[in-house]
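Worksheet for the structure shown next.
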Amino acid sequence: MATGEVDAVVVGTGPGGEDAAGRLAAAGLDVVAVEARLVGGECPYYACIPTKMMVRAAGALAEARRVPELAGSAQARPHFRVVADRISSEATTGWDDRAAVQRLESAGCRVVRGRGRLTAPGEVTVDLAAGDQEVLRARRAIVLNPGTEPAVPPIDGLDGTPYWTNRDAVAAIAAPESVLVLGGGPVGLEFAQVFARFGSAVTLVEAGQRILAPSEPEASEVLTGVLRAEGIDVRTGAGVNRVSHGEAGFRVELDGGGPVEAERLLVATGRRTDLAALGVDAVGLDASARTIPVDERLRAADGVWAIGDVTGHGAFTHTSVYQSPIAVADILGQESAPADYRAVPAVTFTDPEVATVGHTEKSASQQGIRVRTGSTEIPSSPRGWIHKAGNAGLIKLVADADRGVLVGATVAAPSGGEVVGALAVAVHAEVPVVQLQRMIYGYPTFHRAISAALEDLG
Ligand SMILES: Cc1cc2nc3c(=O)[nH]c(=O)nc-3n(C[C@H](O)[C@H](O)[C@H](O)COP(=O)(O)OP(=O)(O)OC[C@H]3O[C@@H](n4cnc5c(N)ncnc54)[C@H](O)[C@@H]3O)c2cc1C
């Protein structure tokens, strides 16, 4: 067993960990990055990037199908292999992280392949991928960026079946004939629409009363309508009793409904962490918790910083890479603004995109804010009306009536993720609503609908 002392050990190289390791090494620290799977983490290999390539491809098909309503005729024959090849060659290089490892190494960082865990204050023990162990003592910092794993519910019969998670679905080389997607959150919804647009018969099963549950109910409703109109069988309030798998594929027995049969079963029921395996109790943290509490400098314990999904401040790449420089500045003893999560954008890349920032009406009320809301429908906005095919959506604003500022917004619209950018600025900078009402919004853009929602706000 090798033992060594370094300045900093980064455990897990998701987008934030990779960034932090590179920054610490560039600052002249002796850094080791420990990675159990692929340097770069979930986002480039199994999540954001490959799924958005799928969304882009499926969107092209959807646009082709809108041609008759707008421009004549077009024939689109889906061939999933085209996007599968793009994911393999352009996004993931065949799920090979050598380029990312080289980037870290050229920044002066040593990459150790294996699973790290805290074994004492300032100490990480790595079960090396090649066997054996290495003990790393960190003189200045340990940065934890372990991310999350797909959470698989304990459904009778599920274990041992060849179900998919996002990690399998992004590696698909063909769209299944039929797929049952379990979970109506962003991940399940994006895959459901992608596969449906590529010709799969899709059933989407959500145990809760609506899809995209934490979002504004109006946004869930719009999206449910769109998905159903595209032929997706959306079932809400539907628990799963039992799963079996045989030669014909999956058979899924639902509460209050007949069984559903499908070639594939995609489990997209959230994410989980395993803090016990990470050994966080060695530094006094609760190993049974789901997240690692951090302060505004991402400090988790003496000499330990945590960044990314595990901190519970939004499971997004942009949160992870936002936190990294703040943690690094703190480690290096440099000044930086503390972390501020009032305006974290979240985008579900369905069509329409459902983008949110800050509070919903409900979460703002729960915080004791005296809420005022304003909304507008995209189809009745000038751009929505021009757009016609595929124009479903709305903008809903949530204002703090006492302070006269926006505290949240939801945009369900074509390019909703872009439109929400303007509202993220408003929430982040606490721009007075009256200023927003006096602004000029380009005509006829989708974001111009913000002015109608502001008018509705009064
Ligand atoms: C299907 C899907 C689509 C998504 N789409 C988007 C999107 O469009 N936009 C967006 O912002 N976010 C998206 N996300 C979320 C995004 O992937 C994560 O928020 C992002 O990867 C940041 O995660 P992270 O930095 O916490 O670490 P992760 O990316 O999860 O990486 C953590 C790394 O740590 C490693 N690791 C874990 N434990 C150890 C250990 N003990 N020792 C060594 N290594 C370890 C893991 O192997 C992994 O490589 C999506 C997620 C999914 C599942």
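All ligand and atom numbering here is 1-based and tracks the order in the structure.
- Inclusion of Gly116 in the set of residues having an N or O under 3.5 Å from an N or O of ligand 1 is warranted.
- Rounding to the nearest 0.5 angstrom, the gap separating the OG1 atom in Thr93 from the OH atom in Tyr45 is 6.5 Å.
- Among protein heavy atoms, the minimum distance from atom 5 (N) of ligand 1 is reached at Lys52 NZ, 3.2 Å.
- A distance of 10.0 Å separates OG of Ser324 from CD of Glu18, quoted to the nearest 0.5 Å.
- Each of Val10, Leu118, Ile331 was evaluated against Ile142; a single residue qualifies, Leu118, per the side chain to side chain contact (heavy atoms under 4.5 Å, CB included) test.
- Counting atoms of ligand 1 from 1 in the listed order, those under 4.0 Å from a heavy atom of Thr148 are 30 (O).
- Each of the atoms 26 (O) of ligand 1 lies under 4.0 Å from some heavy atom of Gly308.
- From the protein, the heavy atom lying nearest to atom 39 (C) of ligand 1 is Arg115 NH1, 3.7 Å.
- The existence of a salt bridge linking Arg299 and Asp330 is confirmed by a sub-4.0 Å separation between a basic side-chain nitrogen and an acidic carboxylate oxygen.
- In this structure, the protein non-hydrogen atom closest to atom 10 (C) of ligand 1 is Thr317 N, 3.5 Å.
- Here the straight-line distance linking atom CZ of Arg117 with atom CG of Asp274 works out to 12.0 Å at 0.5 Å rounding.
- Counting the atoms of ligand 1 from 1 in the order shown, those under 4.0 Å from a heavy atom of Phe349 are 8 (O).
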Show your reasoning for whether side-chain contact (heavy atoms from CB on, under 4.5 Å) applies to Val181 and Phe195. CA-CA 10 Å; Val181 178; Phe195 284 129; 5.6 Å; no
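- Residue nearest to atom 37 (C) of ligand 1, selected from Ala346, Gly185, Ala306, Pro146: Pro146 (by heavy-atom distance).
- Close N/O approach between Tyr46 and ligand 1 is not found [any backbone or side-chain N/O within under 3.5 Å].
- A centroid separation of less than 6.0 Å is found between the aromatic rings of Phe446 and His387.
- Comment: Asp156 engages Arg242 in a salt bridge, judged by a side-chain N to carboxylate O separation of less than 4.0 angstrom.
- Salt-bridge check for Glu134 with Arg113: failed, with every basic side-chain N at 4.0 Å or more from each acidic carboxylate O.
- Atom numbering of ligand 1 starts at 1 in the shown order; those under 4.0 Å from a heavy atom of Val187 are 1 (C), 2 (C), 52 (C), 53 (C).
- Looking at Asn166 next to ligand 1, no N or O pair under 3.5 Å apart turns up.
- In summary, the atoms of ligand 1 found under 4.0 Å from a heavy atom of Arg271, numbered by their order in the structure, are 53 (C).
- The protein heavy-atom contact nearest to atom 30 (O) of ligand 1 is Gly147 CA, 3.2 Å.
- Checked against a 3.5 angstrom limit, the closest N/O atoms of Glu42 and ligand 1 fall inside it.
- Considering backbone and side-chain N/O atoms, Asp309 comes within less than 3.5 Å of an N/O atom of ligand 1.
- The ligand atoms of ligand 1 that sit less than 4.0 angstrom from a heavy atom of Arg37 are 47 (O).
- In terms of protein heavy-atom proximity, atom 45 (C) of ligand 1 is closest to Gly12 CA, 3.8 Å.
- Summarising the geometry, atom CD1 belonging to Ile292 is positioned 5.0 Å from atom CG belonging to Leu275; distances are rounded to the nearest 0.5 Å.
- Ionic pairing of Asp351 and Arg65 is not present here: no N-O contact between side-chain nitrogen and carboxylate oxygen is shorter than 4.0 angstrom.
- When Glu18, Arg117, Glu35 are checked for heavy-atom proximity to atom 48 (C) of ligand 1, Glu35 turns out nearest.
- Of the protein's heavy atoms, Gly14 CA, 3.2 Å lies nearest to atom 31 (O) of ligand 1.
- Counting the atoms of ligand 1 from 1 in the order shown, those under 4.0 Å from a heavy atom of Asn145 are 24 (P), 25 (O), 26 (O), 27 (O), 32 (C), 33 (C), 34 (O).
- Of all the heavy atoms of Val39, none lies under 4.0 Å from any atom of ligand 1, so neither backbone nor side chain is involved.
- In terms of N/O distances under 3.5 Å, ligand 1 is approached by Ala36.
- Taken to the nearest 0.5 Å, the OG1 atom of Thr348 stands 9.5 Å off from the CD atom of Glu353.
- Looking only at heavy atoms of the protein, atom 15 (C) of ligand 1 is closest to Ala315 O, 3.4 Å.
- Atoms of ligand 1 found under 4.0 Å from any heavy atom of Leu38, numbered from 1 in the order shown, are 49 (O).
- Judged by distance alone, the side chains of Glu35 and Thr13 do bring a donor and an acceptor atom under 3.5 Å apart.
- Nearest to atom 6 (C) of ligand 1 among the protein's heavy atoms is Cys48 SG, 3.4 Å.
- Proximity of Thr13 to ligand 1, defined as any heavy-atom pair under 4.0 Å, is confined to the backbone N, CA, C and O atoms.
- Proximity of a side-chain donor or acceptor of Ser178 to a complementary backbone N or O of Glu263 within less than 3.5 Å is detected.
- Using a cut-off of 4.0 Å between Lys/Arg side-chain N and Asp/Glu carboxylate O, Glu42 and Arg167 are scored as salt-bridged.
- For ligand 1, the polar-atom distance check finds an N/O of Phe316 within less than 3.5 Å of one of the ligand's N/O atoms.
- In this structure, NE2 on His428 lies 6.0 Å from CG on Asp340, to the nearest 0.5 angstrom.
- Looking at Pro186, Gly417, Ala47 and measuring to atom 52 (C) of ligand 1, the nearest heavy atom belongs to Ala47.
- Checked against a 3.5 angstrom limit, the closest N/O atoms of Val310 and ligand 1 fall outside it.
- Screening Val310, Asn145, Asp19, Thr311 against Ser320 for a side chain to side chain contact (heavy atoms under 4.5 Å, CB included) leaves a single residue, Asn145.
- At a heavy-atom cutoff of 4.0 Å, ligand 1 is contacted by the side chain of Ser320 but not by its backbone.
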